[in-house]
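Some notes on the structure that comes next.
We count residues from 1, following the sequence as given. Basis for what follows: all heavy atoms, side chains included, without hydrogens, waters or symmetry-related copies.
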Amino acid sequence: MKQSSFLTVLAAAALVFCLILSPCSSARAAETGSTPYTDHGTLAVSGSFLTDSDGNAFQLKGVTVHGIASASTLTDSSVETLRDGWGMNALRVRPTEDERTVLASGEDASSLYGLLAQTASLCSRAGIYLIIDWYTADPWDAAAESSAATAFFSNAASAVSDYSGVLYEICGSSLPSWNDMRSFAPAIIDTIRTISPQAVVIAGIPGSIGAADLSLSQPIDRSNILYAVAVDASSEPESSIQKLTLASAGGMALIAAAFQPEQNPGADSVSNAWMDFFNQYSVGYIAGYLFTDDTDTGLLAQTASPLGWTDDDLTAAASWLLTYTRSQAQASGTGSAGFTPSAEAAQQMSYDLGSGLSAAVTETYGSYYGQPSCQYDFVLTNSGTADLSSWRIRVSWQNGDIALYDYWNCEAGGSDGSVVLASTGFNAVIPAGSSQSFGIVVTSAASPQLASVSLEAAN
């Protein structure tokens with residue numbers, strides 16, 4: 001698109017936005033009620049989970065609008081349809097190539113940042129989260145991309161600084177290597193947090209899902225980060241689900257920033273397996289582009305209006321997505337599927353194990369395959385003067401039917417109402433003044449009730 005025609009579209013988008021901010025739509029937006037933001041507040045990354053303001057695991061579910069100008073043409077009604085009819089709690093906005101050219105050129109892009117602020121206001125009225133995305137050019141030019149991204153996020157964060165619930169996706173998976181991402185990300189994150197100190201940042205894992213291992217062992221040197229993967233269910237093997245399951249269990253907070261289901265997936269399809277994984281581990285997902293010229297990947301037909309739509313406007317991908325989510329909601333009876341923490345906040349507990357040892361335990365309620373369950377993240381601290389080696393602790397519950405579902409960074413075994421957790425090769429020794437972290441997930445017929453944590457003599 002030529003520059004002159006792009007600016008014409010931009011002006012038209014601004015005009016549409018002025019029209020949709022009529023007194024009628026403003027009054028509708030002012031109605032009070034439960035929304036994702038009022039229920040969950042400011043988000044943060046804790047261990048392998050994105051959590052809400054109460055410490056509960058929170059699963060982002062969203063769609064992408066390709067174009068800052070396009071996003072600004074959405075109405076309160078259409079965003080409420082996404083929220084209430086589709087069960088979405090996030091809107092991801094990605095600039096088009098033409099918009100990116102303007103944003104990266106150093107020219108005056110104030111009108112684009114103004115439209116971005118208007119979209120933030122729209123999301124704020126609906127009580128959903130806004131993800132501001134940036135993608136890099138190909139081929140990769142580290143200096144140019146760093147300069148462009150720094151300028152974009154500085155201006156974007158300033159433009160939406162009056163609004164809560166904004167997340168920033170600094171890059172997808174297009175960088176050449178993980179080392180490039182580790183070099184690129186810190187300065188961009190620091191730029192964002194100069195303006196929005198508590199902001200969650202999303203960083204893509206370059207290349208294939210197999211690189212998740214490297215990302216876990218060499219994380220970006222900043223906190224509060226979600227690591228993004230792209231999932232095309234038609235080509236990604238089910239073995240990749242196990243790869244990401246291990247990454248999540250190892251402490252990596254994940255999001256599928258681009259999830260593309262197969263065409264016309266069946267009940268036992270890979271697409272369903274991926275959605276089961278997302279829901280079970282509270283991994284957020286961005287389902288696809290709301291509007292696109294490609295009806296195989298878009299969620300709405302080309303004839304759909306940004307002013308609002310019905311199920312008749314859905315493409316096959318969107319129909320499958322909504323059929324899946326609605327069937328899972330009916331099956332669980334809770335309105336959502338898989339790992340869904342209860343309204344009770346994650347508990348933080350401390351245990352004095354004697355001899356200068358203490359265990360800090362974070363307990364998070366959830367549901368695995370329909371059974372009440374809990375994830376327990378342990379931090380075993382040696383505050384004594386001597387090293388601890390070959391440690392073992394026993395964890396006991398009031399429930400007598402505890403079943404061990406998963407564990408990481410330890411050896412684990414047990415039955416009935418207790419489980420023994422023991423050191424493994426790489427963390428057998430805890431030097432004086434140091435700590436080791438590990439965790440487990442257990443299930444029970446009723447919500448597990450932790451009774452005690454005690455130190456046992458190593459064999």
Side-chain angles (χ1 to χ4, degrees), residues 1 6 9-10 12-17 19-21 25 29 36 60-103 109 111-135 152 156 159-160 163 165-170 172 202 228 230 255-260 284-309 313-315 317-318 321-322:
M1 182 183 295
F6 168 69
V9 171
L10 195 61
L15 176 60
V16 171
F17 184 83
L19 292 175
I20 64 175
L21 279 183
S25 67
L60 282 170
K61 301 177 184 179
V63 297
T64 297
V65 176
H66 194 202
I68 294 173
S70 294
S72 71
T73 66
L74 295 175
T75 65
D76 291 300
S77 177
S78 55
V79 174
E80 288 164 7
T81 297
L82 289 174
R83 183 193 67 196
D84 301 331
W86 291 29
M88 299 297 169
N89 54 36
L91 184 71
R92 178 176 179 244
V93 177
R94 161 177 271 201
T96 65
E97 290 185 12
D98 289 311
E99 289 173 340
R100 187 190 184 282
T101 298
V102 173
L103 293 164
S111 54
L112 279 174
Y113 292 115
L115 293 179
L116 199 56
Q118 292 168 0
T119 300
S121 177
L122 175 70
C123 291
S124 181
R125 293 196 300 274
I128 67 171
Y129 297 89
L130 172 64
I131 301 172
I132 298 177
D133 182 32
W134 178 255
Y135 63 95
F152 171 73
V160 303
Y163 304 100
V166 181
L167 297 83
Y168 299 88
E169 186 173 348
I170 62 173
I202 300 171
I255 181 172
F259 173 61
Q260 178 60 45
Y285 60 87
I286 307 300
Y289 287 113
L290 194 60
F291 304 105
T292 179
D293 293 336
D294 185 352
T295 56
D296 291 334
T297 59
L299 298 174
L300 290 175
Q302 291 174 266
T303 54
S305 166
L307 303 179
W309 54 84
D313 293 312
L314 302 181
T315 63
L321 175 66
L322 295 188

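- The heavy-atom pair separating Pro36 from Tyr129 by the smallest distance is O-OH, 3.7 Å.
- Separation of atoms CG (Asp313) and CG (Leu299) is listed at 12.0 Å; rounding is to 0.5 Å.
- Heavy-atom minimum distance, Ser72 versus Leu115: OG-CD2, 3.7 Å.
- In this structure, NE2 on His66 lies 8.0 Å from CD on Glu99, to the nearest 0.5 angstrom.
- Atom CG of Leu130 and atom CG of Leu167 lie 8.0 Å apart (nearest 0.5 Å).
- Between Glu169 and Arg92, some side-chain heavy-atom pair lies under the 4.5 Å cut-off.
- No side-chain donor-acceptor contact under 3.5 Å links Arg94 to the backbone of Trp134.
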- Item | Working for side chain to side chain contact (heavy atoms under 4.5 Å, CB included), residues Leu314 and Trp86 | CA-CA 11 Å; Leu314 302 181; Trp86 291 29; 3.2 Å; yes
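- Scanning both residues, Ala159 and Ala117, for their nearest heavy atoms gives O-CB, 3.4 Å.
- Across Pro95 and Asp133, no two heavy atoms sit closer than the pair CD-O, 3.2 Å.
- Val160 and Ala120 get closest at one heavy-atom pair: CG1-CB, 3.7 Å.
- A donor-acceptor pair under 3.5 Å is absent between the side-chain atoms of Asn89 and the main chain of Leu60, judged by distance alone.
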- Test Ile128 against Val79 for side chain to side chain contact (heavy atoms under 4.5 Å, CB included), laying out the working first. CA-CA 9 Å; Ile128 67 171; Val79 174; 3.5 Å; yes
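- A donor-acceptor contact under 3.5 angstrom links the side chains of Ser78 and Thr75, judged on distance only.
- For the pair Thr315 (side chain) and Gly298 (backbone), a donor-acceptor distance under 3.5 Å is present.
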- From CA spacing to verdict: side chain to side chain contact (heavy atoms under 4.5 Å, CB included), Tyr289, Leu300: CA-CA 8 Å; Tyr289 287 113; Leu300 290 175; over 6 Å; no
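- Considering CD1 of Ile286 and CG of Leu91, their distance stands at 9.0 Å, rounded to 0.5 Å.
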- Take Thr64 and Val93 through the side chain to side chain contact (heavy atoms under 4.5 Å, CB included) test and state the conclusion after the steps. CA-CA 6 Å; Thr64 297; Val93 177; over 6 Å; no
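- Atom OG1 of residue Thr119 and atom CD1 of residue Ile68 lie 8.0 Å apart, to the nearest 0.5 angstrom.
- With values rounded to the nearest 0.5 angstrom, Tyr168 atom OH is found 9.5 Å from Phe152 atom CZ.
- Here the side chains of Tyr163 and Ser121 are in contact, with some heavy-atom distance below 4.5 Å.
- In this structure, Arg100 contributes its side chain and Tyr135 its backbone to a donor-acceptor pair below 3.5 Å.
- For the pair Leu290 and Leu82, the tightest heavy-atom approach, listed with the atom from each and the gap, is CD1-CD2, 4.0 Å.
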